[in-house]
Each structure stands twice: as C-alpha cells, then as structure tokens.
Amino acid sequence: MIVRRQLLAAILLLVLQSCGGAQKPAAPLSVEASWDEVLERAEGQTVYLNAWGGDPRINAYLRWAGEELSERQGVTLRHVKLNDTAEAVSRILSEEAAGRTEGGTVDLLWINGENFAALKEAGLLYGPFAERLPSAEAIDFEGDATLRTDFAVPTEGYEAPWGRSYLTFAADRAVAAKPPASPDELLSWAEENEGRFTYPAPPDFTGTTFLKQIVLSDDELKPLLNEQPTEESFGVVWEKLSSYLDELHPHLWRGGRDFPSSAPAQRQLLADGEVFVTMAFNPTDAASAVARGQLPETVEAYTFESGTLGNAHFLAIPSNAAHKAGALAVVNFLLSEEAQARKADPEVWGDSPVLALTGAEAPPVPAIMLAEPHPQWTERLEAAWQERYRR
Amino acid sequence: MMPRRRRDVQDWAGLLGAALTSGLAAAVLASALLLTIGQAVGGASRWTGEGLRSLLAAPGIGRSALLSLTTGLAATAIAYGGAMALAALAAEHSAKREGAMKLLLAVPHTAVALGLAFLLAPSGLLARAVSPFFGWEAPPQFPVPGDPFGIALTLGLAAKELPFLFIMVLTAIRTLPTERLAAQTAALGYRPLRGWLSVQMPLIHKQTGIAALIALVYAVGASEQGLILGPTLGAPLPVRLIEWFTDPDLSARSTLAAGSLLLVLIALAAAAIWEAALRAGGAIMRTRLQTGRRSGFGERLIRPVRYACLGLLVAAVLGLLGLCLSSFAGPWRFPDLLPRSLTLTLWRQQGELLTGPFATSGLLAVLSAPIATLIGLGAGELVRGRALLSRILTAVLLSLLLVPEPVLMFGLGTVLTLWRADGGLMGALLLHLVYAVPYAFLLLRAADAAIPANLERAARSLGATRRRAFLTIRLPLLAPAIAASLFLTAIISVGLYLPTLVGGAGRVASLTTEGVALAAGDRRMAGAFALMLTSLPILLLLLSEGVRRAASKRGSGHA
C-alpha cells in the first residue's frame with residue numbers, strides 16, 4: 001500500500017512538474033537586488049543544481065540540503081546528476097546558440113577549472129555575486145588567494161567557493177605493502193607489479209590531474225606551470241612527460257593500451273583486485289568506499305611525498321538561469337557554517353570547508369599543496385596525450 | 001449512393017492523414033539531418049569545413065569508425081543467424097522459449113552490457129569459476145571487456161539483438177502456413193530442416209529483413225553498450241560522439257556534426273555490405289535448389305549455431321543474475337564465486353534513490369506505448385490499400401530507424417532547444433515516440449500484410465462496412481501484433497538512454513540515465529539498477545500478456 005501510494009505521489013509530481021513549466025514573466029533579477037528581495041523572489045522556486053552525480057555520499061548530502069532549504073526558505077532543490085560537468089556547460093552553450101537568453105534549464109552549476117574558464121570567457125555567467133552573499137562575510141577572501149582564483153583564472157565573483165579537495169591515491173596494503181609515492185618509485189613499482197597500476201584516460205579530469213601531478217613532482221618543470229603555456233614551455237614539459245609515460249605504459253594495466261574511463265571505474269578495478277592502486281580527487285573517497293564495503297579494509301589512502309595537487313571547487317549561476325533568486329538562496333545556505341561543517345564531516349562527505357569551522361571535525365589537509373596550473377595547461381596536456389596515446 | 005460518398009470522404013481524410021504523418025516524420029528527420037549538416041560544414045552562410053577537418057584530425061578516428069562497422073555487422077550476423085536457427089527448431093519447444101526470449105528482450109541494453117562485463121572480466125564470474133584450476137589468486141590479465149577488436153561488444157550487442165530478431169521471426173512465422181509448407185517440402189523429399197531452410201526461411205526473411213536491417217543500424221550506433229563493453233581508447237564512434245557532445249568547447253559541436261555524418265556513412269556502408277551478403281547467400285541457395293539436391297551444408301550448421309546462441313543467452317542471463325546478486329552482496333572479492341554474505345544495506349541506504357527513477361521510467365513507458373501503438377495502427381489504416389502512400393510512409397518511418405540513434409538524437413536535441421520543448425517529461429516523451437512510433441507501425445504493418453485479403457473482401461461482399469470489417473475481421477487478427485507492439489514500444493522506452501538524456505535535458509531522471517550516472521563506479525549500485533531495469537519490463541510484459549489474453553479471448557468470441 002505504502003509503495004503504491006509513493007508511486008502515485010511520484011507520478012502526480014511528475015505530471016505536475018511537466019505542466020508547470022511556464023514561468024511567469026518577471027523583471028530579471030538585478031545583481032544589486034537586496035537580500036530581502038532575493039529571498040522574497042526565491043520562495044516557491046525550484047532550483048536545478050547541475051552537479052556530478054557519481055558519488056552516493058554527495059548525492060545524499062545534497063538531498064539533506066534540499067530538505068533544509070525547502071523547510072527554511074521554501075526553495076525546492078533538484079539535483080540534476082551529471083556524469084561530467086561539461087554536459088551542463090555544453091547545454092548552456094547550446095541554449096545560448098539557440099538564442100535562449102532567459103528561462104534556461106540550468107539554475108546552478110558545480111564547477112571549476114576549464115568549465116568555469118569557458119563560461120566566463122563566453123560571458124554566460126550571472127554576477128558578480130559571490131562576495132555579496134550574507135554567508136560570504138565569514139569567508140576570508142582577502143586572506144586566502146585560492147578562494148578568488150580558479151586554476152589561475154580570477155573568479156571576480158562569478159562563482160562562489162564551495163569546498164576544497166586534492167588528489168589522493170589509495171592502495172590495497174595486502175598486495176601493495178609500499179605503494180609508489182613519487183614518479184620514480186611508480187616506475188620501478190610498476191615494473192615489479194606488471195599490470196597492476198593504471199590511471200583514468202585523459203580527458204577524464206582525474207586522469208589529467210594525474211598527469212599534472214607527475215609534472216608538478218618535477219622541480220625543474222614545476223615553475224613553468226605557473227605561467228600560461230607557450231610553445232616552448234609546453235614543448236619542454238611534454239617531451240619530459242611523454243618520455244616518462246612511454247616508459248611507464250607498457251607496465252600498466254592492459255599494457256597501457258587501454259585505460260579506465262574514470263576514477264570510480266578505477267576504484268571498481270581496485271575492488272576487483274585487477275589493479276592495486278586507485279586515485280580520486282577526494283581525500284575520503286577510499287575511506288568511504290571501505291566503510292560502504294566496496295573496498296577491502298586493507299585499502300589506505302596516501303599522497304605523493306613531494307606534495308599533492310589541490311584546488312577549490314565552486315558554485316556558479318548561468319546568466320540565462322530561470323531561477324536566479326532561488327539559486328542565490330541555495331548558494332547562501334551551502335556556504336553557511338552549518339552546511340559547511342556537515343559537508344566537512346568525513347562520515348558525510350569529507351570535503352574541506354571554505355571558512356574556519358569552530359569545533360567541528362575537519363578532514364585532513366596534506367602537508368604540501370600544489371596549486372593548479374592555468375587551464376590552458378589542462379587543455380594542451382589532454383590534447384597532446386590523446387594525440388599520442390589514442391592512435 | 002450513400003456508402004460510396006462516405007468512402008470518398010474517408011479516402012480524402014485518409015490521404016490527408018497519411019500525408020500529415022509522413023510529412024511530420026520527414027520533417028523530424030530532415031530538421032535533424034539539416035541542422036547536423038549545417039553544423040558540420042561550418043557557419044550559417046559559408047562553407048568552412050571546420051567540422052570535417054577537426055573530425056579527420058581526431059586521434060584514432062579511423063579505429064573508432066572501423067570498430068563500429070565491424071561490431072555492428074558481426075553482432076547482427078550472429079543474432080539474425082541465431083534467431084533463424086532457433087526458429088527452425090522452435091516447433092519443438094516454442095512457447096517456453098518465446099517466454100524466456102521475451103524476458104531477455106525486455107532487459108535494457110545497459111543491464112545486459114553490465115552483466116556481461118561482470119561475467120567476462122578478468123575478475124569476473126567466469127575467471128572466478130576456473131581460478132581453482134589455474135591457481136589464480138589475483139585476477140589474470142586479459143583485455144576483456146573493452147578488447148580492441150570489440151569481441152565483448154559484439155557479444156553484448158548480439159545477446160540483445162537475438163531475442164528481438166527471434167521474436168520478429170516468430171511473429172512472421174505465425175502468419176505462414178507452416179504445417180502445409182513443411183508437409184509439402186517433406187512430400188518433395190526434403191528433410192525437415194532442409195525444407196525449412198529452402199522454403200520457410202526465405203518467406204520469413206521477406207517479413208523480417210527490415211527488422212534485421214534496423215538491428216544492424218542500431219548496433220552500428222549503439223552508445224550504452226559501447227560505453228560499457230567497448231574500449232576506452234579507440235572507443236566505438238557513437239561513444240566518441242557523446243564525448244564531443246559533452247565537450248565544453250563549442251567548436252566540438254561542429255566535430256560532433258561531422259562525426260554524425262560519418263556515422264551515417266558507416267551505417268550505409270554496413271547496410272550495403274549486409275544486403276550484398278544476403279543476396280549472394282540467396283543466389284547460392286537458389287542455384288543449389290535448382291540442382292535438385294535434397295540435402296546440403298546449411299542444415300548441419302543449424303544445431304551448432306543454435307547451441308552457440310543458447311550459450312550466449314545463458315551467459316547474458318548468468319551475468320545479469322550475478323550482477324543483480326551483487327546488489328545484495330557483502331564482500332564479494334576475487335576469487336570468490338559467491339558473496340561471503342548477503343545484506344540489504346545498499347537497498348536500505350539507497351532505496352529512495354531508486355523509486356523516483358523507477359516511477360519515471362514506468363510512466364514514460366506507459367505513456368509512450370499506447371500513444372505509439374495508436375499512431376502506428378492509425379497510420380497503417382490510413383495508408384492501407386494505397387501502395388504509393390504506404391511506401392512513402394514506410395520509407396520515412398524506416399529512415400528514422402535507419403539513422404543511427406546518436407545522429408538523430410543530437411540533431412533533434414537542437415530542434416527541441418530551439419522550440420524550448422526540452423527539459424521536461426514532455427521532451428523526453430517526444431523523443432521516445434521518435435523510436436516507438438516507427439517500431440509500432442512496422443510491426444503492425446507486417447502483421448497486417450500477412451492477413452489474407454480475401455477475408456476482408458468476403459466480409460465486405462457480405463455487406464459489412466469498412467469499419468465493421470476492420471473491427472470484426474482484422475482487429476482480432478491483429479490483436480497479437482497489437483499486444484506485441486505495446487510490449488515492444490514499452491520496453492524500448494524503458495531502455496532508451498540518449499533520448500531521455502537529450503529530451504529531458506538531464507532533468508528527467510529515469511532508470512537508464514541514473515543507472516549510467518551511478519553504475520560506473522560501484523558494481524553493487526549497477527546491480528541495483530540492473531535489477532530495477534529488469535523488473536520494470538517484466539511488469540510491463542505481464543501487463544501486455546494480460547492485454548493479449550483479453551484481446552484474443554475477444555477475437556475468438558467473434559470468430
């Protein structure tokens with residue numbers, strides 16, 4: 001009976017949703033609007049948050065946020081689960097190409113790096129809004145440069161920092177007692193453990209991050225990545241990186257002729273024992289998979305000794321978003337100390353907060369954090385990798 | 001005078017309706033293709049060739065294109081040959097087998113692919129089963145699934161096409177006087193299988209040749225199976241298209257469009273090779289028949305092919321069962337053949353993630369199946385007896401199915417965005433109908449064509465009106481086909497991934513879209529979605545069986 005009633009309710013909801021598509025015409029929300037006006041307009045809006053949906057913990061956290069928001073501010077939060085943020089970016093771009101300058105289908109977007117750079121450059125973001133939010137008062141924008149730059153691109157208030165993360169490896173200690181923690185160690189380890197290491201195929205972002213991690217672990221190459229790539233600097237970096245990869249690949253899973261499609265896919269390979277090491281752009285990814293029973297208890301997380309690549313991730317509102325006021329209310333809630341503390345709880349998500357938490361348990365932070373290079377490095381490394389290894 | 005004038009009115013209404021249906025379908029197709037061509041060759045007014053250039057420069061594009069061509073052809077050859085071989089022997093145990101086939105047909109591609117991957121992988125069920133004999137403690141290293149030759153992908157596609165083609169073949173057989181044909185060939189001295197091969201198979205192929213061609217084009221354009229069973233590097237072409245579709249760089253759009261055109265060419269090439277091979281086969285068979293020999297090589301192949309196909313189907317089912325079991329599994333690591341313990345943790349924790357998508361998929365199926373069947377039936381009636389119109393409508397609807405799925409979907413996605421009709425259940429439903437309507441129409445038309453014309457003629461000459469002749473003669477005879485159409489369109493709807501994704505702008509969370517998003521990283525989650533994806537069509541199957549029973553009861557009441 002209960003199941004039937006739930007199904008009925010779900011069906012009704014869907015029907016209503018599909019009927020209620022038409023928006024009442026209203027003046028566009030000014031960037032200067034007062035917070036009271038924002039809240040007034042936000043009430044009753046349904047905000048479509050486009051965010052990667054590959055982690056059940058993150059999905060559960062967003063569901064909690066949705067419940068709180070609907071109770072406190074009358075805003076309905078819907079999580080549009082993406083495989084890749086680029087899907088939403090390309091949607092926004094094609095809406096723009098179709099002349100849809102308002103009433104867009106994406107209200108809020110979880111974003112950073114090249115995706116942000118692309119939208120900002122195309123002028124398709126609403127703002128500046130980040131530092132006008134009431135919650136932003138508790139965020140130390142002046143003191144922490146990583147909150148105002150995204151892969152070396154200034155955010156200028158067109159996205160609000162939501163959290164921070166860094167590249168973390170995880171190894172099954174039962175079969176890999178001393179997993180590789182530097183590029184050189186990796187090479188010799190891979191030779192000893194034929195076929196038991198791999199990385200997600202770029203342009204998957206974890207795979208590209210792994211490439212950047214290898215480059216940044218090289219003291220000679222590291223300074224070059226602070227600047228935009230030139231033909232010369234990219235040539236130097238790529239020559240060294242590709243000769244390293246040429247040496248490494250024959251010892252990888254499937255002889256380096258194929259790669260897993262994503263970090264979660266590689267995590268499943270670790271769970272199956274096909275590889276002994278995995279990686280994720282989230283320090284608590286492995287621990288949470290152990291807690292869920294996906295990975296054996298012998299799996300432990302670690303980072304490269306010479307420092308690990310870290311970055312902040314953000315929330316942005318497309319300029320054609322249909323529910324900007326609602327989106328602002330959502331961002332403001334997600335940046336509140338309460339929401340940030342819950343997000344930082346390793347049991348919940350384990351994502352580092354963007355503001356100082358009082359008394360809450362925060363996830364561990366690595367000793368040495370390496371900054372993201374300019375997004376053009378990402379693009380060029382992805383292109384060059386595919387050019388060489390995808391033939 | 002009266003009846004005659006009424007028929008004139010009906011004729012005009014029929015003509016108009018048929019023209020409208022054809023025109024609408026043609027417009028859908030043309031707009032998708034024109035937009036694609038436009039994007040492929042460059043800007044609005046000038047030829048830049050940007051898209052074609054970047055397509056040709058894309059790393060490994062030749063490998064991707066070739067893989068789509070070969071896997072599509074191989075999978076369809078296996079599936080069509082297998083469907084015929086199974087049908088040749090179906091007289092012995094057809095009813096049971098058809099039920100099992102319908103179940104397997106009902107399982108969406110995504111679930112079959114995930115199940116097969118779990119069976120074939122180095123850490124999969126097969127390797128676990130043999131690990132004691134080889135002393136494997138860690139999984140062996142062989143590159144399946146995702147092998148560069150697309151063997152796993154071919155098997156996955158064949159496992160899904162086989163039930164489809166088998167059911168199409170059985171539907172065709174029902175329209176044939178099989179016992180008479182068998183008796184006649186036996187009287188002429190042919191062994192049963194030889195007689196079946198020589199006379200019945202060509203007659204069946206006349207009706208199912210189209211279905212085989214559709215399966216071929218589907219296989220060439222398959223995206224979900226390609227994602228799961230194909231290689232990551234050198235992925236099949238449709239997977240490359242999805243990559244360009246999701247690329248934030250706008251210039252990738254023209255690459256996508258050029259790639260779509262390439263996929264159209266690949267599909268055309270595959271169809272040409274397929275038809276040429278079938279014709280050559282037919283010619284050989286005719287020459288053989290003319291020699292008067294009563295036995296041959298063909299019938300000796302039937303049994304091995306049948307066993308191979310049954311093996312493939314068993315493998316698909318085993319993989320699927322294993323996958324579903326994994327959603328209840330505690331630790332289940334290599335080389336354990338069975339989980340160490342069973343638990344409901346996943347279902348308790350993630351259960352609510354599953355009910356919404358389940359309801360959405362069910363709703364889309366329950367809406368699109370009757371709509372598509374009604375349109376298919378109506379369109380069929382409108383063009384009935386009008387050879388030219390019928391041929392035009394068939395050609396137009398067929399061409400919707402003979403354009404690879406990604407090409408049509410990415411093209412229509414642009415159209416929906418222009419109309420602002422995407423982003424809701426409505427958009428998804430519209431794109432589902434693009435597939436459901438042609439299938440319904442073709443299935444019903446094939447069944448209708450097989451109804452002896454003299455039955456209706458007799459009824460009419462006895463004074464029945466056209467409507468009455470339809471209701472009392474043809475509708476009951478069409479009832480099995482109508483039930484089949486409801487079932488087929490419903491399960492097609494449940495399995496659709498790209499149309500849901502594109503038409504719903506990612507907001508319509510169905511079992512396939514959520515399944516693909518969540519399943520990649522956790523086999524137990526994949527198992528949960530596979531179980532839901534399997535159980536929904538089974539519910540629909542029971543529903544359509546109910547409809548079929550009711551309809552045939554009614555039909556026999558009239559007879």
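As a basis for the values below, the full set of heavy atoms in this structure was taken, side chains included, without hydrogen atoms, waters or symmetry mates. Order of the sequence lines sets the chain letters (A, B, ...), proteins ahead of strands, with each chain counted from 1.
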To the nearest 0.5 Å, what is the distance between CG (Asp272(A)) and CZ (Arg128(B))?
-> 6.0 Å
Under a 4.5 Å heavy-atom cut-off, does chain A meet the side chain of Val366(B), its backbone, both or neither?
-> neither
What part of Glu243(B) lies closer than 4.5 angstrom to a heavy atom of chain A: side chain, backbone, both or neither?
-> side chain
Of the backbone (N, CA, C, O) and the side chain (C-beta and beyond), which part of Pro296(A) lies under 4.5 Å from a heavy atom of chain B, both, or neither?
-> both
If you count heavy-atom pairs under 4.5 Å between each of Glu274(A), Glu95(A), Gln386(A), Arg63(A) and chain B, which one has the most?
-> Glu274(A)
Chain B heavy atoms under 4.5 Å from Arg267(A): which part of the residue, side chain, backbone, both or neither?
-> side chain
Any idea which of Gly330(B), Pro335(B), Pro143(B) has the most non-hydrogen atom pairs under 4.5 angstrom with chain A?
-> Pro143(B)
For Gly273(A) against Pro139(B), the heavy-atom pair lying closest together | O-CD, 3.2 Å
Would you mind checking which part of Val239(B) comes under 4.5 Å of any heavy atom in chain A, side chain (CB onward), backbone (N, CA, C, O), both or neither?
-> neither
Part of Gln266(A) lying under 4.5 Å from any heavy atom of chain B | neither
Select, from Glu87(A), Arg254(A), Gln268(A), the one with the greatest count of heavy-atom pairs under 4.5 Å involving chain B.
-> Arg254(A)
Provide the closest heavy-atom pair for Thr232(B) versus Ala201(A) in the form atom of the first, atom of the second, distance.
-> CG2-CB, 3.9 Å
Straight-line distance of Arg390(A) CZ to Ile61(B) CD1, nearest 0.5 Å | 8.5 Å
So CD of Glu514(B) and NZ of Lys81(A): to nearest 0.5 Å the spacing works out to 4.0 Å
When rounded to the nearest 0.5 angstrom, what is the spacing between CG in Asp172(A) and CZ in Arg333(B)?
-> 8.5 Å
What do you reckon, is CZ of Phe142(B) surrounded by more than 12 foreign heavy atoms closer than 6.0 Å?
-> yes
Heavy atoms only: give me the nearest Tyr389(A)-Leu233(B) pair and the separation to one decimal.
-> O-CD1, 3.2 Å
Might you confirm whether atom CD of Glu194(A) has over 12 heavy atoms from other residues, nucleotides or ligands at distances under 6.0 Å?
-> yes
From Gln141(B) CD over to Arg196(A) CZ, what is the distance, rounded to the nearest 0.5 angstrom?
-> 4.5 Å
To the nearest 0.5 Å, tell me how far Arg292(A) CZ sits from Thr345(B) OG1.
-> 12.0 Å
Most contact-rich option vs chain A, by heavy-atom pairs under 4.5 angstrom, among Ser123(B), Gly60(B), Ala58(B), is Ser123(B)
If you count heavy-atom pairs under 4.5 Å between each of Asp258(A), Leu295(A), Thr105(A), Leu269(A) and chain B, which one has the most?
-> Asp258(A)
Part of Ala138(B) within contact of chain A (heavy atom distance under 4.5 Å) | both
